[in-house]
Amino acid sequence: MEIDYGSIEKKWQTRWIEADLDKSEPDESKKKFMLIFAYPGVTGYLHVGHLRGYSYVDAIGRYKRMTGYNVLFPVGTHATGNGGISLASKIARKDEKTIDYLIRNGCPEDKIPELGKPMSVIEFFNGVYVNDYWKRFGFLADWRRFTCTLYPDYAKFIEWQFRKLNDAHLLIQKPYYATVCPNCGPVAVDPSETDLSKGGRAETQEYTLLKFRHGDEFLVAATLRPETVYGQVCFWVNPSVEYRRIRKGGEVWIVSPQAAEKIPLQMDGVEDIGAIPGREMIGWMCEAPMVHREIPVLPASFCDPDVGTGLVTSVPSDAPDDWISLQEVKKDPKIREEYGLSQELIDSVVPISIIEMKGYGDFPAEDMIKRMGIERPGDPKLVEAKKQVYKDGYHMGRMKAICGEYAGMRVEEAKDRMRQAMLDSGEAEVFRDLTEEVVCRCGARVHIKRLDDQWFINYADQELTEKTSEHCKSMDINPQEYRDNVHAVLNWYRERACVRQGNWLGTRFPFDDKWVIEAISDSTLYPVYYLISLYANDGRIKPEQMTESFFDFVILGKGDAKAVSASTGVSEELLGKIRKDVLYWYPLDINLGGKEHMTVHFPGFLFNHVAILPQEMWPRGITVNWYVTGKTSDKRSKSKGGAQPIPGAAAKFGVDAMRLYYAHIASMFVDVEWSEDAVMMYKQRIERIVSLVQEIIASETDVPEGPMDSWLISRFNTHLKEIRQAMEGYELRQMCTVVYFDMLNDMKWSSRRGGCSATAVREALRIWIQAMMPVTPHIAEELWESAGFEGLVSARQLPEADDSRISGSAEYSENLIRDIMSDITEVRKISKIDPKRIILYVSPGWKKKVMEYALEMMADGSLSVPALTKKCMSDGDIKSKGKAASELAKKVAIDFGRASAESKKVIVGTDELALLAGASAFLGDELKTEVSVFDSDAEGLYDPQGKSKAAVPGRPAIFLE
RNA sequence: GCGGGGGUAGCCGAGCCGGCCAAAGGCGCGGGACUUAAGAUCCCGUUCUUAGUGAUUCAAGGGUUCGAAUCCCUUCCCCCGCACCA
């Protein structure tokens, strides 16, 4: 059987649209449910991993739809930033890699010349996302509401949002140290390198600049360890660097040329006044800050002019570089000669022990160097040595007695105190620098720059934080870990720079149009905009009509329709309709996004809703999904290299197999490694189900109604319950286990047991196929149609589980039969007997009676070993069984004590003799041996080995003859 | 460092508000059936022992309890976020 997935998918997607299933309109008679996935940034082609979260949203939406809700699932894209600009410019200049990338992912070649402009490339990808990904995957989203952050109407909404933030006094201005490209303005430094061509892993470090007086000028060293000043014994200068003199305030500083460029970005009134070769400074004496000692300037090659100021104060006791370089100077007479340094001077430089730490001696740097076997300056291992000594010193160290007023203090504390003291006395300044070279996409070097009038959204606002945090307690946030942790995240969230300058697409800041609103800040409140985009998209409202009073009215219900209509030209009727939409659909029930959103987007999303909207519009739920991670390699796949384009994967596996893979491969809250083999398994599973269902449909069953019917119907109603319960918590995986595994197994078991009546089979099929709809909608439709059921399964309502048709005893009976089969197999295997006949002995009546007594005692809570024994001994029948009776009583009392009354009741209530007699033909067939069933109480029982003694209710005895 | 999450059988992964858990399910593996054939399907098995019993298991070590994979403590190891990047 070959399934043509492509045409099935197309067929049903068209039918859904024809039936308007994609269009969501308010319906007061129904409960509403609005859900979204956090819209993706338009960065190019997506890969199979991205569909994971998206398809969850569609599956949940479909499930809600089928259980009575009016569902709204809108989609959009986020294009704010410079991604579009940079992509367009690469295409425009025919960058080979970029063109190749486009073609590899299926971009038509003749389309490429059109993509040289930012907006056209963004629109191109908007089309790819909507058509090749979301529609292709069968999503029932309301396509009419699609929006993109660069649309003029969206910009109007963002302007309004910022006006509201301002009204709430949440916009503030203050200085900010940003990573800035001289051409492009502020850029994001992060490992994804969206804005960068190099250095995404760089971190900002806060150095303390220490000033060493020499005559009337200062040598300025940068340090991360201001607490070590008591251990300063000399000063390092790189003799081969041409340093600069700069004037800063009334002082003259000496720093590296790179630092001379960086410092003015962060400090005012700095001027470069000339050069001074490093060589010239060797042999100087300068006055160390705080300790006010004269120390000599010595040569060191490790001073990198690119790091800090290119000058280094030397604390050999705690800095491995310093230690090893000092050894070098002391050992090597050539250095002394070359720079004319006296032996005396060199000898006077002696390390001073300043920090006491567990696991180290007086000189931690020396210890570490020895431990790591470092022998000369420049050894790459020094980086690691430095890190380790710094880390240990910071966490475990304590200042020694020599450190004046800081003696005895923990390093963690002394560091801040000493730094502050030196800042206060004017001996130090703060300077920020990046840990590695960072280069902008435009090619310019990125540095840290102070911006004085940077706008922030004040997410640190205490009242806002508390309100938001409080609201989260009532939200449905998944997973639980995030629900617990979100309060900490909200608390930790600080003021956030919300605007930037430079080469950047986005909405102009309404209060100062030199700024453009940055990417996180314009993507927090937008779900509510989907309720308005519908009308902007169909032209009923124009961007220029979307004024502050327009949004105030439709979103907040402020103002008077007549006045708003007069000022905007939007009819009162339309204003009323939009307002109604907003009231109907909001709040948002689920915002689903990848785990990267936990500390960025979700807090902003929450804060903005709480800050701007009335409480009844605050979000109700957040769901976080983890990733599908790389590694596309596959045992059988010949096409390796790079993530597979989504349309290709859809064609290869079928959309439903991929949807099922996402839903079932793991819990939403763990990362999954992409594996074609795994997807293939799900494809095969779907095909197994399809062929079984088609077999069932094709075979005109003439089985009369019987016990298997009530078993099958009971099972399926039980499954309905499980499905509903799982989906209550959006546990798609659990739901899929029931639908694609358990229900399949039940169907198979039913036909193995001889099948059910046509009525029962059709009823089960109806339930089953409907249950498949959320995750594998195309296949579900196909099966629904071939079974001859009416209409579209996507438009139907899932039946409620019917408790009256759930039969504990029917389900138990089949389990008993299965248990017996496996027991027989087990015994057969162990005993290595090949029996001519298998005899099953059903428990004698007195044993059942013991259990009945136990049940009674469970009901009134009096069950215990002595109590049950006593009770049994007062029953003549049982008592006559002697020791066997008291042993059984003991066993039953213990066993029942551990279990629920319900589970034991079915055991006692089952007529095993009738059940097994009815199943003996089946068992005989299955085991390929004649099976006889005997009642242990029967007169003249045939029982040559006395096996019947072992029979207990729920466990018939087995004899292999 | 700060904050958070984990370590379950060959693997992936449920269970983790204590008992019905030798521990779901899948994959893998072994055996069998079917078949011209299958990356197909269907059965059975997959800690050790054993006429269906019993023993020892859920990172390691302690503890609480009649009873612990599940609760508490300690140790070891792993992962994630820490910002202007959706």
Side-chain angles (χ1 to χ4, degrees), chain A residues 1 38-43 77-81 83 149 176 178-179 186-196 200 203-204 391 394-395 412 454 456-457 479 481-482 484-485 488-489 491-500 518-521 523 593-601 603-604 626 635-636 664-667 669-673 675 677-678 680-685 687-688 691-692 733-734 736-737 740-742 745 748 752 819-833 894-900 902-904 926 945 947 950 955 957-960:
Chain A
M1 171 209 49
Y39 52 23
V42 182
T43 51
T77 60
H78 184 271
T80 307
T149 58
Y176 175 63
T179 44
V187 291
V189 175
D190 71 283
S192 71
E193 301 194 335
T194 312
D195 294 353
L196 309 176
E203 285 174 46
T204 297
K391 199 174 147 188
Y394 184 72
H395 299 297
E412 282 186 70
Q454 172 72 45
F456 291 80
I457 300 175
E481 292 77 42
Y482 185 53
D484 296 339
N485 190 227
V489 174
N491 245 326
W492 155 90
Y493 219 84
R494 293 291 135 218
E495 302 90 348
R496 184 181 187 94
C498 61
V499 294
R500 53 190 287 168
E518 64 81 40
I520 301 295
S521 304
S523 57
K595 64 179 179 182
E596 73 279 16
H597 292 100
M598 289 195 287
T599 52
V600 185
H601 167 251
W626 266 236
K635 273 179 262 169
R636 284 183 196 84
H664 190 262
I665 186 74
S667 130
F669 317 125
V670 296
D671 285 330
V672 168
E673 208 172 274
S675 149
D677 278 350
M680 205 44 126
M681 295 302 165
Y682 286 102
K683 184 179 179 185
Q684 281 163 7
R685 182 155 289 272
E687 286 171 4
R688 220 183 294 177
S691 65
L692 178 68
R733 182 171 198 260
Q734 179 55 33
C736 289
T737 298
Y740 300 91
F741 294 81
D742 298 345
N745 285 338
K748 287 196 313 209
R752 194 169 158 198
D819 287 349
I820 289 170
M821 282 170 66
S822 81
D823 281 350
I824 291 172
T825 315
E826 175 83 6
V827 174
R828 221 182 204 175
K829 192 179 93 187
I830 294 164
S831 65
K832 301 194 178 68
I833 293 172
I894 292 169
D895 181 44
F896 277 37
R898 288 177 180 169
S900 72
E902 263 336 287
S903 65
K904 295 300 177 186
E926 288 282 327
Q945 288 191 15
K947 293 287 180 195
R955 197 123 214 234
I958 297 163
F959 173 46
L960 306 187

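Everything quoted here is computed from the prediction, not taken from an experiment. All chains are named by letter (A, B, ...) in the order of the sequence lines, taking the proteins before the strands, and each is independently numbered beginning at 1.
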Less than 4.0 angstrom between a side-chain N/O of [X] and OP1 or OP2 of [N], yes or no?
| X | N | answer |
| --- | --- | --- |
| A:K829 | B:G45 | no |
| A:R828 | B:G45 | no |
| A:R733 | B:G26 | no |
| A:R496 | B:A83 | no |

Could you give the distance separating B:G54 and B:G3 at their C1' atoms, to the nearest angstrom? 48 Å
Euclidean distance for P, B:G19 against B:C72 (whole angstrom):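 15 Å, rounded to whole Å.
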[X] side chain, from C-beta outward: closest of [options]:
| X | options | result |
| --- | --- | --- |
| A:A950 | B:G39, B:G52, B:A86 | B:G52 |
| A:T825 | B:G3, B:C44, B:C42 | B:C44 |
| A:L960 | B:A83, B:G3, B:A51 | B:A51 |
| A:S523 | B:A86, B:C44, B:U50 | B:A86 |
| A:Q945 | B:A51, B:G3, B:G28 | B:A51 |
| A:K748 | B:C43, B:G52, B:C84 | B:C43 |
| A:F741 | B:G39, B:G25, B:C27 | B:G25 |

So, A:H664 versus A:Y740: side-chain donor-acceptor pair below 3.5 Å or not? no
Who are the side-chain contact (heavy atoms from CB on, under 4.5 Å) partners of A:R494, not counting sequence neighbours?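 A:R494: side-chain contact (heavy atoms from CB on, under 4.5 Å) contacts with A:A460.
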Just call it for [X]: base, sugar-phosphate, or nothing, with non-hydrogen atoms closer than 4.0 Å on any strand.
| X | value |
| --- | --- |
| A:I824 | nothing |
| A:Q684 | sugar-phosphate |
| A:H78 | sugar-phosphate |
| A:T737 | nothing |

Quiz question: going by heavy-atom distance under 3.5 Å, is there a donor-acceptor pair between the base of B:G39 and the side chain of A:D677?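 Counting by modelled atom types and ignoring angles, a donor-acceptor contact under 3.5 Å is found here.
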Measure the distance from [atom1] on [X] to [atom2] on [N] and round it to the nearest whole Å.
| X | N | atom1 | atom2 | answer |
| --- | --- | --- | --- | --- |
| A:I520 | B:A83 | CD1 | P | 13 Å |
| A:H664 | B:G26 | NE2 | P | 9 Å |
| A:E826 | B:C48 | CD | C1' | 13 Å |

ring centroid sep under 5.5 Å plus plane angle under 30, A:W492 with B:A83: yes
Under 30°, 30 to 60°, or over 60°: which ring-plane class applies to A:H78 and A:Y39, parallel, tilted or perpendicular? tilted
Would you check, one step at a time, whether the test side-chain contact (heavy atoms from CB on, under 4.5 Å) holds for A:K947 with A:I958? CA-CA 7 Å; A:K947 293 287 180 195; A:I958 297 163; over 6 Å; no
By nearest heavy atom, map A:D823 and A:R685 onto RNA chain B; which one lands nearer the 5' end? A:R685
RNA chain B nearest-nucleotide lookup for A:R955 and A:A497: closer to the 5′ end is A:R955
Carboxylate-amine/guanidinium proximity below 4.0 Å for A:D823 and A:R955: yes
Indicate yes or no: at least one non-hydrogen side-chain atom of A:W626 is less than 4.5 angstrom from one of A:P479.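 When only atoms from C-beta onward are counted, A:P479 and A:W626 do touch, with a gap below 4.5 Å.
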